[in-house]
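Note sheet for the following structure.
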There are 2 protein chains.
Amino acid sequence: MSARHVATKARSRVAPTVKELQGLLRGAGLRSTAPRLAVLEYFHSHGGTNSHAEIFDALHDRGFDRATIYRILVDLAEAGILSRTDLGDHVWRFELRRGARGAQHTEEHPHFVCVDCGGVSCLPGLSLKVEGQAKAPRSVTKNKVSIQLKGLCDDCS
Amino acid sequence: MSARHVATKARSRVAPTVKELQGLLRGAGLRSTAPRLAVLEYFHSHGGTNSHAEIFDALHDRGFDRATIYRILVDLAEAGILSRTDLGDHVWRFELRRGARGAQHTEEHPHFVCVDCGGVSCLPGLSLKVEGQAKAPRSVTKNKVSIQLKGLCDDCS
DNA sequence: ACGAGAAACGCACCCGAGTTGCATCTCGGG
DNA sequence: CCCGAGATGCAACTCGGGTGCGTTTCTCGT
Ligand SMILES: [Mn+2]
Ligand SMILES: [Mn+2]
Ligand SMILES: [Zn+2]
Ligand SMILES: [Zn+2]
């Protein structure tokens, strides 16, 4: 979108190096460990909005524990590296927040959940304008709320 | 809102009679049973957006089973008597949909969930206007979506 | 009024996601 | 290289949702 296209060294920018990921962790006051690097690596190479179960599945061959992955996701979210949202499907979903390639959208943005297939789509750039009367909580009128939409996706029309 | 104010027999309209509730059930093809009448009675006298746990607690002295209450809520939702929404708090919430006093809002409307205290407020009359570009699912641009907002309520400011 | 049969109930039990306590291990600063 | 804060692994628990099944009960047709 923005025209600023920095011609990087071409290849090394595609995925962050282990060193870079370690720096990301240490910068957040977190130790660099194997499962943490694996989780970060996954988010950077796959991107998107992932649940704890998805991450755990993708990494289960490495032998990491459920609880470990869980705590890592929470820690990374608390450190601001991941966002942690609960769309209406009873599942926490995590997403890369800032920095590093692989983060499709770095800003907060509304999400859309298909009530049929459960698919999640991100709606950056979509803004919703409040029209109704007052009576709503102040945080609503001040646009300090997160927005979730539910309906049928195009496929499940 | 609409000016049409039918002067009813004054007193009998405050809460629906058992006979009326039975009619509501039978009209939906459902048998009239004690737990069902109790659930309906609860919604009509309390109104609002209630979870399965809340209903079960409120009625537990009557000795009804968890599963019974659960299935009743689902059945009433499928019959269109209740709405069943999953706000982002891992809980199904039910609300009177149409008919009968006690139903504060009969239309679909956005809900607001406080991320701190978990309180839910209904935002009838609040409408949100889509501003962003396309790329969103068709159901979004056609306003065929349910909307949920999350943030801090005035109390938890 | 009554009996048959479908519908609903109660109980037991399973599930998945989230969450925690605790013993053991390991990263990394000194 | 050592030590201790911090992280991991394992087990166990909660909570809400959901289901299978035998028993009870409502409703409808006789
Ligand atoms: Mn997103
Ligand atoms: Mn409402
Ligand atoms: Zn879909
Ligand atoms: Zn609150």
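Each chain gets a letter, A, B and so on, in the order the sequences are listed, and its residues count up from 1.
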Between the side chain of [X] and the main-chain N/O of [Y], is any donor-acceptor distance below 3.5 Å?
X: A:R62; Y: A:P35; result: no
X: B:T49; Y: B:R93; result: no
X: A:E41; Y: A:V18; result: no
X: A:K150; Y: B:T85; result: no

- Item | B:R84: side chain to side chain contact (heavy atoms under 4.5 Å, CB included) partners, not counting sequence neighbours |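 By the side chain to side chain contact (heavy atoms under 4.5 Å, CB included) rule, B:R84 matches B:Y70, B:V74, B:A77, B:W92, B:F94.
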
| said: Just to be sure I understand the rule, does B:R26 reach a base, reach only the sugar-phosphate, or reach nothing, if contact means heavy atoms closer than 4.0 Å? | reply: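 Sugar-phosphate, backbone atoms only, no base.
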
So what does B:S32 hit on the nucleic acid, given a heavy-atom distance under 4.0 Å: a base, only sugar-phosphate, or nothing?
->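 Touches sugar-phosphate only.
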
For [X] and [N], what is the distance between atoms [atom1] and [atom2] respectively, to the nearest whole Å?
X: B:L73; N: D:dG16; atom1: CG; atom2: P; result: 14 Å
X: B:R84; N: D:dG18; atom1: CZ; atom2: C1'; result: 10 Å
X: B:Q22; N: D:dC26; atom1: CD; atom2: P; result: 10 Å
X: B:I55; N: D:dG16; atom1: CD1; atom2: P; result: 14 Å

| Relative to the ring of A:H46, is the ring of A:Y42 parallel (under 30°), tilted (30 to 60°) or perpendicular (over 60°)? |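 Answer is parallel, since the angle falls under 30°.
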
A:R66 side chain near A:H52 side chain, heavy-atom distance below 4.5 Å: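 Side-chain contact under 4.5 Å: yes.
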
message = Students should find this one: the first and last nucleotides of DNA chain C, 5' to 3', lying under 4.0 Å from a heavy atom of chain B. What are they?
response =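 Span of nucleotides near chain B: C:dG5 to C:dG18.
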
Practice problem: Take A:L149 and A:V113, measure what side chain to side chain contact (heavy atoms under 4.5 Å, CB included) needs, and give me the verdict at the end. | Solution: CA-CA 6 Å; A:L149 304 177; A:V113 185; over 6 Å; no

Once base and sugar-phosphate atoms are separated, protein heavy atoms under 4.0 Å mark nucleotides 4-14 of chain D, 5' to 3', with B, S and - as BBBSSBBB---

